[in-house]
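Since the structure is predicted, the reported quantities are computational estimates derived from the model, not experimental observations. By convention here, the first residue in the shown sequence is residue 1.
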Amino acid sequence: MRIFDLSKTIVISLFFTITSYGMEPESLFEAVAEDIREMRQDIGNIAGNIFPTLGQYIRGEELPAIKNNLYKNMPAYVRQSNELCDGEKKYLEKRLPIVKAALEKLLYLDQSLHNEEVPTIALVSSGGGYRALLCTIGFLRGMEKIKILDTTTYVTSLSGSTGAVAPLISLKMSLKKYKEYMLACVEKSFFDTTDEEENLIFETGAVKAYFNQPKTPVDIYGDLLGNRFFEMLKEERHRVYLSDQAKIIENAKYPYPIYTCIDGDENIVDHQNWYEFGPHEMGNATDATYIPIWAHGREFCNGESVKGTFDVYPPEKNIPYLLGTFWSAFGANIDDIKEEIAKRLSTEVGDFIKHIAPSWDGERPLDFVSKVPNYMHGMTTLKNTGSAKDAIRSYVDAGTDFNLPVTPIDGGRRKADVIIICDTSAEGDKIGNQLKKTAAYMKEHKRPFPIIDFKNIDKKTMSIFEENDPAVPTVIYMPGLSDQNLLQQHLSNPQFAKYKHLKGFDLEYETNNGFAQTIHFQYKKENAEKVIDQMEFNVLANQAAIINALKFAVERKKKNIA
């Protein structure tokens with residue numbers, strides 16, 4: 001299919017352009033300064049011309065995604081409040097007894113906990129490409145094995161870790177089976193497609209063309225991710241939605257998933273609004289505006305969805321497209337790119353680039369952002385009238401702000417009493433740096449956060465920060481690294497025999513120099529398994545300390561109530 005081959009070539013070209021940052025700095029900076037601006041316009045024109053042609057081949061109303069859309073005639077409205085939505089409240093009511101029972105069993109408590117004594121525990125997983133995806137799987141498997149997964153209420157993710165959490169819930173697989181499934185998925189290049197997969201991408205393009213929706217390279221990127229990670233769904237792999245997850249988590253057997261991205265407005269250099277996407281709603285706490293997740297992608301006017309010239313509403317943006325959105329670090333702005341280049345060079349050269357390079361504010365040289373109708377468009381009741389101005393809103397990878405998605409559980413809309421962080425951030429970024437950015441964010445927004453001692457934080461597989469003040473969350477920080485001494489201490493225990501293949505493995509080295517670099521979107525099975533098992537081992541090896549931290553959080557909460 002020539003149309004698909006052309007669009008795939010565009011994405012591949014973009015991919016290798018952006019992932020070349022830091023490799024050949026002499027030629028790179030010249031390219032950033034002169035060539036990419038012109039390429040951006042050309043790419044936009046080509047991508048814009050490709051998709052409208054698809055609508056000529058298929059009548060829109062016959063497309064399954066449109067025909068079978070349960071919400072095609074249901075209007076949607078913007079909800080203006082940071083109060084949790086009814087769907088999440090109902091979930092929390094069902095999850096509480098599960099968490100309570102799991103904590104009582106885990107901590108061997110003599111007496112049952114009162115509901116108000118049960119801490120809210122959140123798992124937070126960073127970005128970092130396939131490395132983050134695989135580490136998150138290991139992180140979740142470890143938490144399941146030490147009986148902590150059932151004590152958690154939320155799991156938040158951004159960028160690569162969304163590729164672990166979203167398919168896990170949508171595919172309804174056990175973590176054991178999911179590990180094997182994902183090992184097979186990452187072994188294949190997501191650029192390689194079968195005729196069947198190309199036809200499915202063709203169909204998604206036709207849906208967007210039918211509704212004249214904005215298109216960027218994120219569309220094709222998401223399609224390629226969807227083909228790979230939802231392969232078991234066959235022809236349905238691009239008709240899987242976050243709204244489906246509301247039914248899947250209804251029995252509260254899973255932690256509540258929250259996926260994140262940020263505003264891609266080029267007028268904003270930093271401090272962008274963070275957007276939350278969940279099984280029930282999407283929106284942002286800064287504007288206190290939310291819409292049903294099944295309405296994401298519709299046009300809105302003054303707080304109400306509109307059909308425009310169409311007889312029905314378009315289907316919600318599918319999960320593959322959302323993965324492309326959440327995982328769109330290629331859309332970094334110029335300032336972020338300068339920082340990345342500088343980090344990879346010597347101190348002197350890096351400082352030189354940061355200070356003499358021209359400033360284009362928040363300009364994004366690659367149009368690798370999600371562009372969706374602005375659900376706040378035309379609203380007259382917003383404090384920030386700028387949010388209502390543009391008809392189209394851009395979204396981009398939240399990791400281009402900072403790489404730990406604590407914003408949904410930071411004490412604003414939701415408050416976590418315990419935050420367990422899996423940080424497998426990108427190479428060139430010293431371990432602990434993203435935690436520093438997180439602490440700075442919490443301070444700036446006047447959110448409670450413990451004092452962090454960063455000494456040797458990059459040498460330990462786990463660090464715990466806790467205070468007696470019940471308003472301050474306990475932070476359990478687990479970076480992506482290997483500790484051969486810790487491994488050797490545990491290998492004599494039969495429980496840890498399966499991890500002997502981690503002897504000599506150095507996750508931090510592979511992150512910075514080897515197969516686990518963020519630019520790698522294909523892994524050998526044995527390498528992928530090492531990444532998963534390293535994070536799983538790290539959790540199991542620190543089991544006693546993690547459980548003690550949870551005991552402390554429970555006792556602290558009980559004392560506060562008393």
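Classification of Lys176 and Glu180 as a salt-bridged pair fails, no side-chain N sitting under 4.0 Å from a carboxylate O. A salt bridge is defined here as a Lys NZ or Arg NE, NH1 or NH2 lying under 4.0 Å from an Asp or Glu carboxylate O, and Glu467 with Arg556 fails to meet this definition. Between Glu187 and Arg228 no salt bridge is recorded (no basic side-chain N to carboxylate O distance below 4.0 Å). Taking 4.0 Å as the cut-off between side-chain N and carboxylate O, Glu117 and Lys557 do not count as a salt-bridged pair. Residues Glu510 and Arg131 are not paired through a salt bridge, judged by the lack of any N-O separation under 4.0 Å between the basic side chain and the carboxylate. Look at Arg393 and Asp263 and you find a salt bridge, because one of the NZ, NE, NH1 or NH2 atoms lies within 4.0 Å of a carboxylate O, short of that distance.
Counting heavy atoms of neighbouring residues, nucleotides and ligands inside a 6.0 Å radius, atom NZ of Lys498 exceeds 12 of them. No more than 12 heavy atoms of other residues, nucleotides or ligands sit less than 6.0 Å from atom NZ of Lys147. Heavy-atom contacts from other residues, nucleotides or ligands closer than 6.0 Å to NZ of Lys172 number 12 or fewer.
Across Ile319 and Ser170, no two heavy atoms sit closer than the pair CD1-OG, 3.2 Å. Minimum heavy-atom separation, Pro479 to Ile457: CG-O, 4.2 Å. Nearest approach of Cys85 to His280, heavy atoms of both residues: SG-CB, 3.7 Å.
A donor atom on one side chain and an acceptor atom on the other are found under 3.5 Å apart for Gln534 and Ser482. A donor-acceptor pair shorter than 3.5 Å cannot be found between the side chains of Tyr477 and Gln434. A donor-acceptor contact under 3.5 angstrom links the side chains of Asn273 and Thr286, judged on distance only. When only modelled atom types and interatomic distance are considered, Asn284 and Trp274 share no side-chain donor-acceptor pair under 3.5 Å. Between Thr511 and Gln517, the side chains place no donor N or O within less than 3.5 Å of an acceptor N or O (distance only, hydrogens not considered). Neither side chain, Tyr256 nor Arg414, offers a donor N or O lying under 3.5 Å from an acceptor on the other.
Formation of a donor-acceptor pair under 3.5 Å by the Ser189 side chain with backbone atoms of Phe191 is found in this model. Checked by atom type and distance alone, the side chain of Gln484 pairs as donor or acceptor with a backbone atom of Phe505 at under 3.5 Å. A donor-acceptor pair is defined here as one N or O able to donate and one able to accept, closer than 3.5 Å; such a pair exists between the side chain of Asn512 and the backbone of Glu508.
Taking the six-membered ring for Trp and the full ring otherwise, Phe521 and Tyr130 have centroids separated by under 6.0 Å.
For the pair Ile262/Tyr395, no side-chain contact is recorded, criterion being any heavy-atom separation below 4.5 Å from C-beta on. Annotation: side chain of Val396 is in contact with side chain of Ser328 (closest heavy-atom distance under 4.5 Å). Looking at Pro408 and Thr260, their side chains come closer than 4.5 Å, going by heavy atoms from C-beta outward. Residues Met173 and Met232 have side chains in contact (heavy-atom distance under 4.5 Å, counting atoms from C-beta outward). Between Asn433 and Asn403 the shortest side-chain heavy-atom distance does not fall below 4.5 Å. Residues Lys558 and Leu113 meet the side-chain proximity criterion, which asks for heavy atoms closer than 4.5 Å.
We find the CD-CD distance between Glu144 and Glu536 to be 9.0 Å, quoted to the nearest 0.5 Å. Between the SG atom in Cys261 and the CG atom in Asp401 there is a gap of 11.5 Å [rounded to 0.5 Å]. Separating the CD1 atom in Ile409 from the OG1 atom in Thr120 is a distance of 10.0 Å, to the nearest 0.5 Å. In this structure, NZ in Lys179 is found 5.5 Å from CD1 in Ile532, a value given to the nearest 0.5 Å. In this structure, Thr136 OG1 and Met182 CE are separated by 10.5 Å, a value rounded to the nearest 0.5 Å. Here the straight-line distance linking atom CG of Leu435 with atom CZ of Phe402 works out to 10.5 Å at 0.5 Å rounding.
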Problem set entry | Asn318 vs Leu322, side chain to side chain contact (heavy atoms under 4.5 Å, CB included): CA-CA, chis, key distance, verdict | CA-CA 6 Å; Asn318 62 21; Leu322 293 179; over 6 Å; no
For this session: Determine, step by step, whether His296 and Phe277 satisfy the ring pair (Phe, Tyr, Trp, His ring centres under 6.0 Å) criterion, reporting the C-alpha distance in whole Å, the side-chain angles of both residues, the deciding distance to 0.1 Å, and the verdict.
Result: CA-CA 10 Å; His296 180 54; Phe277 290 72; 5.2 Å; yes
For this session: Could you walk me through whether Phe449 and Asp410 pass side chain to side chain contact (heavy atoms under 4.5 Å, CB included), step by step?
Result: CA-CA 9 Å; Phe449 207 64; Asp410 64 3; over 6 Å; no
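Residues satisfying the side chain to side chain contact (heavy atoms under 4.5 Å, CB included) criterion with His490, sequence neighbours excluded, are Leu486, Phe496, Phe537, Ala541.
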